[in-house]
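Each chain gets a letter, A, B and so on, in the order its sequence line appears, and its residues count up from 1. In this text the structure is predicted, and so the values were computed from the model without any measurement.
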Protein chains: 2
Amino acid sequence: MQLDRLVNFHKTVGDKTRLRIIGLLKEGPLHGQAIAGKLGLTPPTISHHLTKLKEINIVYQRRHKNTIYYNLNEKHLAFLAESIIKLGDEDMNEAFKVSEEEKHNILKNFLDSDGKLKTLPSQLKKRLIILEHILKGFEIGRTYSELEINQHIKKFHDDFATIRREFINNHFMTRNRGYYELNPRELWRI
Amino acid sequence: MQLDRLVNFHKTVGDKTRLRIIGLLKEGPLHGQAIAGKLGLTPPTISHHLTKLKEINIVYQRRHKNTIYYNLNEKHLAFLAESIIKLGDEDMNEAFKVSEEEKHNILKNFLDSDGKLKTLPSQLKKRLIILEHILKGFEIGRTYSELEINQHIKKFHDDFATIRREFINNHFMTRNRGYYELNPRELWRI
DNA sequence: CATCTAATTAGATTATAATCTAATTAGATT
DNA sequence: AATCTAATTAGATTATAATCTAATTAGATG
């Protein structure tokens, strides 16, 4: 399910007249003029809305003699309606979610044998994993002086100032009158 | 669930930016500027969209120090998303759906002891039930002459012309070069 | 092929809303 | 109180779309 399709679905059903049509068709097929009559609107208006409902495939038509009966495709309606709940379950995986295995590989690539950082990755995703790793030495709820922070970071990398700044920018820590504190995990950017 | 609420939900999520925000927040809370940065939009724009998402109660906020973290209310999102599938299950019942019991009562009120129609109800809902009752004497797939139709209707009511016209208008039957034929049930207006 | 009915298209009007820049507000820290 | 940061509001611009009337098309029937 691509995003634009989902946007289009919600745009389409985000209209009072069209929802009322869906409500009517749930009861069974109806022809255009019947819908117009029941809703107090003109046939062209109904035609306009039915076109949009047909475009997203939740309404289809069957002709009988001279009149066209419009039917609701309830299966597809349900599928589209539920898609927003699953939003990202496919897409995001590729772009953002990181498996434990991936994390392991990234750490292996950027840390040398004695655990020191070779370089700070420039790619955000990788950098966050490195930062999270360095962060493991801190306890939640405790405050640390800048000196303590620096000393801990130096075990991984000489440029402690950059890493310290990254901690703040990515909401891993908060600085308060010269002292640092770990943020609650749910606020981290990872 | 009233219709306007449902319209408003779909209107709100029927926007690419807002769906992207929902996708981001599914991964966990984020603050405004982070969202703006990730989506390449300005903070005011994000603020605008978050307001709308908060209005329908699928996003709530928690302040931590100076920054506000926005969270997704997945439970309520799921509830709203699924509402369209159940559209009418409550509302329609009252206004349109007719129980067998109700049908029985209407028939009792408008037919006298020997099964003759006292008057044709003016209320559409009731009239359809009466028409459906009279229609039961016809077989699907067979054609009837106008005379046959009239004779059958006369068993219920003297004004066969009116009833015959009602059959056509409500798509119970089709007239074809003076002969009448029952439409498939799914095309009826009932 | 003429006619009828139902549906659709064209075009105009009017309303809604997404986004930006600039200005303001709210809260936290010094 | 003064200052900093993040969020919001105001106002303008631009794009989108719901609905109508009038005209046209599509299909079925005579």
Side-chain angles (χ1 to χ4, degrees), chain A residues 4 7-8 10-21 29-37 39-56 59-70 143 165 168-169 171 174-181 183 187, chain B residues 4 7-8 10-21 29-37 39-56 59-70 143 165 168-171 174-181 183 187 189:
Chain A
D4 284 324
V7 171
N8 199 35
H10 288 290
K11 257 202 172 65
T12 302
V13 298
D15 175 273
K16 189 163 184 170
T17 303
R18 290 194 281 265
L19 274 191
R20 291 172 77 203
I21 292 175
L30 279 177
H31 55 108
Q33 308 222 320
I35 299 172
L39 299 187
L41 294 166
T42 61
T45 301
I46 300 305
S47 199
H48 166 73
H49 291 300
L50 286 172
T51 301
K52 291 194 171 269
L53 293 171
K54 284 182 280 182
E55 272 167 13
I56 59 169
V59 162
Y60 60 94
Q61 51 182 254
R62 268 192 48 202
R63 179 179 278 269
H64 181 256
K65 315 274 173 180
N66 227 321
T67 95
I68 296 175
Y69 291 83
Y70 300 92
T143 58
R165 202 176 323 112
I168 304 298
N169 290 345
H171 299 267
T174 313
R175 181 193 156 119
N176 193 349
R177 56 189 98 188
Y179 278 80
Y180 291 76
E181 189 179 343
N183 285 339
L187 303 187
Chain B
D4 284 324
V7 172
N8 199 35
H10 288 291
K11 257 200 172 67
T12 302
V13 299
D15 175 273
K16 189 163 185 170
T17 302
R18 290 194 281 267
L19 274 191
R20 290 171 78 203
I21 291 175
L30 279 177
H31 55 108
Q33 309 221 320
I35 300 172
L39 299 188
L41 293 166
T42 62
T45 301
I46 300 305
S47 199
H48 165 74
H49 291 299
L50 287 171
T51 301
K52 290 191 172 271
L53 293 171
K54 284 182 280 183
E55 272 167 12
I56 60 169
V59 162
Y60 60 94
Q61 49 182 256
R62 269 191 48 201
R63 179 178 278 267
H64 182 257
K65 314 274 174 182
N66 228 320
T67 96
I68 296 175
Y69 290 84
Y70 300 92
T143 57
R165 202 175 324 112
I168 304 298
N169 290 345
N170 294 296
H171 299 268
T174 312
R175 181 194 156 117
N176 192 348
R177 55 190 99 188
Y179 279 80
Y180 291 77
E181 189 179 343
N183 285 338
L187 303 186
R189 198 178 172 174

| Of A/H48 and B/T51, the one whose closest DNA chain D nucleotide lies more 5' |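 So the residue in question is B/T51.
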
| said: Counting the atoms with a prime plus P, OP1 and OP2 as sugar-phosphate, which does B/K11 contact under 4.0 Å by heavy atoms, base, sugar-phosphate, or nothing? | reply: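 Here B/K11 touches the backbone only, sparing every base.
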
| request: Have a look at B/L41 and say if it touches a base, only the backbone sugar-phosphate, or nothing, with a 4.0 Å heavy-atom cut-off. | output: sugar-phosphate

Once you round it to whole Å, what is the distance between [atom2] of [N] and [atom1] of [X]?
X	N	atom1	atom2	value
B/E55	D/dT8	CD	P	12 Å
A/L50	D/dT19	CG	P	12 Å
B/I21	C/dT19	CD1	C1'	13 Å
A/K16	D/dT19	NZ	C1'	15 Å
B/I46	C/dA18	CD1	C1'	11 Å
B/I168	C/dC4	CD1	P	18 Å

| query | Can you name the side chain to side chain contact (heavy atoms under 4.5 Å, CB included) partners of B/T42, sequence neighbours left out? | reply | B/P44, B/T45

| Results of side-chain hydrogen bond (donor to acceptor under 3.5 Å, both in side chains) for B/Y180 - residues two or more places apart only | B/E146, B/R164, B/R175

| remark: Double-helix bend of the helix from C/dC1-D/dG30 to C/dT30-D/dA1, axes at both ends from 5 pairs, round to 10°, gives 30°

Listed nucleotide nearest any side-chain atom of [X], set [options]:
X	options	value
B/K52	C/dA18, D/dT19, C/dT19	C/dA18
B/R18	C/dT19, D/dT19, C/dA18	C/dA18
A/H49	C/dA18, D/dC20, D/dA18	D/dA18

| request: Check whether any side-chain heavy atom of A/H64 lies under 4.5 Å from a side-chain heavy atom of A/Y69, and answer yes or no. | output: yes

| So does B/T17 get a side-chain nitrogen or oxygen closer than 4.0 Å to the phosphate oxygens (OP1/OP2) of C/dT19? | yes

| message | At less than 4.0 Å, is any side-chain N or O atom of A/T45 found next to OP1 or OP2 of D/dA18? Yes or no. | response | no

Show each protein N/O and nucleotides 13-15 of chain C N/O combination with a separation under 3.5 Å, one pair to a line.
none

Filtered N/O pairs between nucleotides 5-7 of chain C and protein, under 3.5 Å:
residue	atom	partner	partner atom	Å
C/dA7	OP1	A/G32	N	3.0
C/dA7	OP1	A/I68	O	3.4
C/dA7	OP2	A/Q33	N	3.1
C/dA7	O3'	A/Y70	OH	3.4

Which heavy atom of [X] sits nearest a heavy atom of [Y], and at what distance?
X	Y	result
B/G32	B/Y70	N-CE1, 3.7 Å
A/L30	A/A34	CD2-CB, 4.1 Å
A/P43	A/A36	N-CB, 4.0 Å

Say you draw a straight line from [atom1] of [X] to [atom2] of [Y]; how long is it, rounded to the nearest 0.5 Å?
X	Y	atom1	atom2	result
B/E55	B/L53	CD	CG	9.0 Å
B/K54	B/S47	NZ	OG	6.5 Å
B/L50	B/I21	CG	CD1	5.0 Å
B/H31	B/N66	NE2	CG	12.0 Å

Taking distance alone, no hydrogens or angles, what donor-acceptor pairs closer than 3.5 Å link side-chain atoms of residues 10-19 of chain A to residues at least two apart or in another chain?
residue	atom	partner	partner atom	Å
A/H10	ND1	B/H10	ND1	2.9
A/K11	NZ	B/G14	O	3.3
A/T12	OG1	A/N8	O	2.7
A/D15	OD1	A/T17	N	3.0
A/D15	OD1	A/R18	N	3.0
A/K16	NZ	B/D4	OD1	3.2
A/R18	NE	A/T12	O	2.5
A/R18	NH1	A/H49	ND1	3.0
A/R18	NH2	A/T12	O	3.4

